[in-house]
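Letters go in sequence order (proteins before strands), and every chain restarts at 1. Quantities reported herein were computed from a predicted structural model and do not represent experimental measurements.
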Number of protein chains: 2
Amino acid sequence: MKVSTKGRYALRIMLDLAMHNSGELVPLKDIARRQGITLKYMEQIISPLSKAGFVQSLRGSSGGYRLARNPSDYTVGSILRVLEGPLAPTACLETEINECPRAESCPTISFWNGLNKVINDYVDSVTLEDLVNEETALQSDYVI
Amino acid sequence: MKVSTKGRYALRIMLDLAMHNSGELVPLKDIARRQGITLKYMEQIISPLSKAGFVQSLRGSSGGYRLARNPSDYTVGSILRVLEGPLAPTACLETEINECPRAESCPTISFWNGLNKVINDYVDSVTLEDLVNEETALQSDYVI
DNA sequence: TACTTTCCTAGTGGTTTTATATGATTATAT
DNA sequence: ATATAATCATATAAAACCACTAGGAAAGTA
């Protein structure tokens, strides 16, 4: 029942971009330095986010990444799903293909359905903007 | 973010015992047959449940297992945790040893804490008795 | 004793995770 | 044009984890 590092790092990358959301492009090298993750590993993580249209990119000198939308338009769940796939606690809930042949008579499936719902409802109730506000508060606490 | 087969099978074993909760000992062989899981694999799953005091056992002919308490006294969460360990979505929430050095300044930890809470609150809100009632209802539906 | 059932330990093939490394491609600045 | 700086694509690999399989010891019953 663990979220993988890819999912966690994706969230940190997106939050880093949200904290530097001036419209300027942010080179991945800078994010890597701030977050303490190697550039090469980050490339693997941001690539699916780029393909999913979550970030805009520009190559070349003074290139980099920036958010494609407002921080409030990203739920944490939507970010995690790009890297993790469905956040379902069992495979039988993921797709119809994976559906268990005994689903109709399964006495535990409604339990798993309920768990699936509370997980997804929660991760979709928090946006990147919420995390930005939290980080801003943390930083001002630090100054005090 | 998946619950392993051990956790899912543990739940099915406990539910099977709850459905046959007459006080009689139930041989694992019978559960294995009903659930379509090999005996040898089930032994590995019920062993931690036995050591945790969740089931009582007796060896030898006409031996077997039975629940140690009433079905209403087991939350699904308590059963899953025996096989899965803590149901925390990140390692840093599991133990103080795993705590991240940057926990104090981490802008995502409160998000993960919230996810941890909704997961554990939910799994502890459902008991084995609830699943027994569900299965009984399913079976009577089937008869109709 | 013969049989049944739990209990204990070890091994194994496969997949996933978590990276690291190398290099190619593309775009910008000068 | 050239150098620079970034994205993009693959390949590799150690380590951990998963999902079993297997053999036999111990303990209880008939």
Pairs under 3.5 Å (N/O, protein and nucleotides 26-30 of chain D):
from    : atom 1 : to     : atom 2 : distance (Å)
dA26(D) : N3     : R59(B) : NH1    : 3.3
dA27(D) : O4'    : R59(B) : NH1    : 3.2
dT29(D) : O4'    : S61(B) : O      : 3.4

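- Separating the CZ atom of R8(B) from the C1' atom of dC18(D) is a distance of 11 Å, rounded to the nearest angstrom.
- L25(A) places its CG atom 22 Å from the P atom of dT4(D), with the value rounded to the nearest Å.
- Of all non-hydrogen atoms in T38(A) and A32(A), the two that sit nearest each other are C-CB, 4.4 Å.
- Taking 4.0 angstrom as the limit, T38(A) places a side-chain polar atom (N or O) nearer than this to OP1 or OP2 of dT20(C).
- Here the two rings, on F111(A) and Y122(B), have centers that are under 6.0 Å apart.
- Side-chain N/O atoms of K40(A) include none lying less than 4.0 angstrom from OP1 or OP2 on dA19(C).
- Between the side chain of D121(A) and the main chain of V118(A), no donor-acceptor pair closer than 3.5 Å is present.
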Between the protein and nucleotides 9-16 of chain C, list every N/O to N/O distance that falls short of 3.5 Å.
from    : atom 1 : to     : atom 2 : distance (Å)
dA10(C) : N6     : Q44(B) : NE2    : 3.1

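- Straight-line distance from the CG atom of L39(B) to the P atom of dC8(C): 15 Å, rounded to whole Å.
- A 6.0 Å sphere centred on CD of Q56(B) holds more than 12 heavy atoms belonging to other residues, nucleotides or ligands.
- Between K2(A) atom NZ and dC17(D) atom P there is a gap of 11 Å when expressed in whole angstrom units.
- The CD1 atom of I45(B) sits 15 Å away from the P atom of dC7(C) (whole-angstrom rounding).
- Phosphate proximity of dT17(C) to Y41(A): absent, as no side-chain N or O sits under 4.0 Å from OP1 or OP2.
- Taking 4.0 Å as the cut-off between side-chain N and carboxylate O, K29(B) and E43(B) do not count as a salt-bridged pair.
- With sequence neighbours excluded, no residue satisfies ring pair (Phe, Tyr, Trp, His ring centres under 6.0 Å) with Y65(A).
- Here Y9(B) reaches the OP1 or OP2 of dC20(D): one of its side-chain N or O atoms lies under 4.0 Å away.
- At a threshold of 4.0 Å, the pair E84(B)-R8(B) does not count as salt-bridged, since none of the basic side-chain nitrogens sits closer than that to a carboxylate oxygen.
- Remark: R81(A) engages D124(A) in a salt bridge, criterion side-chain N to carboxylate O under 4.0 Å.
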